[in-house]
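Note sheet for the following structure.
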Amino acid sequence: MLTKTQVQEALLHIGDMFPEAECELTHSNPFELLIAVVLSAQCTDALVNKVTPGLFEKYIKPEDYVEVSQEELEQDIRSIGLYRNKAKNIKKLSQSLIEQYNGEVPQTREELMSLAGVGRKTANVVASVAFHTPAIAVDTHVERVSKRLGICRWKDNVREVEETLMKKIPKEQWAQTHHRLIFFGRYHCKAKSPQCHICPLLDMCREGQKRMKKQEARHG
DNA sequence: AACTCGGGGCA
DNA sequence: TGCCCAGAGTT
């Protein structure tokens with residue numbers, strides 16, 4: 001596994017590669033953020049951003065989602081995937097906010113995770129972006145990149161990946177690290193075709209070196 | 001631990 | 001045009 005200093009070095013390189021890796025979520029209020037992140041499960045932010053403007057004009061508060069019919073809400077989010085689950089979860093979640101939290105979005109990860117459609121990743125994103133709770137949200141990009149680079153172990157589960165990242169990275173860098181690893185994973189260290197041949201991290205990346213060796217062997 | 005949900009994106 | 005992606009919940 002990489003040491004703290006090696007992780008720092010890797011993050012600096014990634015920062016150079018993606019200077020634009022800043023927070024993509026700029027929702028003015030926690031409720032809209034929560035809905036947007038729940039919607040974004042299993043699809044890209046770009047896709048969600050197509051429906052949210054209209055959605056947030058029509059639905060302002062939890063009551064609006066509770067009062068609308070399941071079918072109508074499904075139609076309003078039809079263009080993203082998994083719309084039946086998501087519509088159901090959003091109605092249920094809104095009901096919980098009204099019944100248990102006076103219509104407000106709760107601030108702790110535990111409370112957030114108790115809501116329908118909110119798992120560990122979503123809870124971390126909302127807690128950190130809306131309420132500035134230090135957290136590292138581990139999505140598949142962050143997990144894959146952390147494992148390939150050797151920031152954590154291959155066998156680690158999501159919780160362990162999260163703990164290792166928090167241990168090896170200073171708290172004030174968590175938010176930035178989250179975005180850097182996402183950009184790096186999405187555009188460079190991709191699941192199917194990682195760009196190892198042009199990667200500035202190749203020297204410190206065991207997985208990358210393994211892949212390059214395999215490639216060499218195939219060619220000659 | 002493996003499967004399901006369901007679109008859009010892309011080869 | 002068919003394979004691939006993404007996160008939460010269920011079994």
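All heavy atoms count here, side chains included; hydrogens, waters and symmetry mates do not.
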Check your understanding: Run the side-chain contact (heavy atoms from CB on, under 4.5 Å) check on A:F183 and A:E20 step by step: do they pass?
Key -> CA-CA 9 Å; A:F183 269 72; A:E20 74 278 25; 3.7 Å; yes
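- Formation of a donor-acceptor pair under 3.5 Å by the A:Q6 side chain with backbone atoms of A:T3 is found in this model.
- Summarising the local packing, CG of A:N102 is surrounded by 12 or fewer heavy atoms from other residues, nucleotides or ligands at distances under 6.0 Å.
- Looking at heavy-atom distances under 4.0 Å, A:G119 makes contact with sugar-phosphate atoms alone, never a base.
- Contact between the side-chain N/O atoms of A:Y83 and the OP1/OP2 oxygens of B:dG7 is found at a separation under 4.0 Å.
- Among the heavy atoms of the strands lying under 4.0 Å from A:K192 are primed sugar atoms or P, OP1, OP2 only; no base atom is included.
- At the phosphate of B:dG6, OP1 or OP2 sits under 4.0 Å from a side-chain N or O atom of A:R84.
- When heavy atoms are screened at a 4.0 angstrom cut-off, A:T122 is found touching the sugar-phosphate backbone but no base atom.
- When the C1' atom is compared between B:dG8 and C:dG9, the two are found 23 Å apart, to the nearest whole Å.
- Counting to the nearest Å, the P atom of C:dG7 and the CD1 atom of A:I80 are 13 Å from each other.
- A distance-only check finds no donor-acceptor pair linking the side chain of A:R153 to the backbone of A:E160 [under 3.5 Å].
- Residue-to-nucleotide proximity on DNA chain C shows that, of A:C43 and A:V118, the 5′-proximal contact is made by A:C43.
- If you check every strand for non-hydrogen atoms under 4.0 Å, A:L82 touches a base.
- The distance from atom CE of A:M113 to atom C1' of C:dG9 is 12 Å, rounded to the nearest whole Å.
- Taking atom CG of residue A:N85 and atom P of nucleotide C:dT10, one finds them 9 Å apart after rounding to whole Å.
- Between B:dG6 and C:dT1, the two P atoms lie 24 Å apart (nearest whole Å).
- A:A46 comes within 4.0 angstrom of nothing in the nucleic acid, heavy atoms only.
- The phosphate of C:dG7 has OP1 or OP2 within less than 4.0 Å of a side-chain N or O from A:T140.
- The distance from atom CD of A:E74 to atom C1' of B:dG7 is 13 Å, rounded to the nearest whole Å.
- Counting non-hydrogen atoms under 4.0 angstrom, A:L115 reaches the backbone sugars and phosphates but no base.
- In this structure, of C:dA6, C:dG7, B:dG7, it is C:dA6 that holds the atom nearest to the side chain of A:H141.
- A:N89 comes within contact range of no nucleotide atom at all, as no heavy-atom separation falls under 4.0 Å.
- In this structure, A:K50 reaches the sugar-phosphate backbone alone: every heavy-atom distance under 4.0 Å involves primed, P, OP1 or OP2 atoms, never a base.
- Put simply, the side chain of A:K168 gets close to the backbone of A:L2: a donor and an acceptor are under 3.5 Å apart.
- The side chain of A:S40 contributes no N or O atom lying less than 4.0 Å from OP1 or OP2 of C:dA6.
- Separating the CD1 atom of A:I35 from the P atom of C:dA8 is a distance of 14 Å, rounded to the nearest angstrom.
- A:R78 places its CZ atom 17 Å from the C1' atom of B:dC5, with the value rounded to the nearest Å.
- Between A:K147 and A:E143, at least one side-chain N (NZ, or NE/NH1/NH2) sits under 4.0 Å from a carboxylate O, which counts as a salt bridge.
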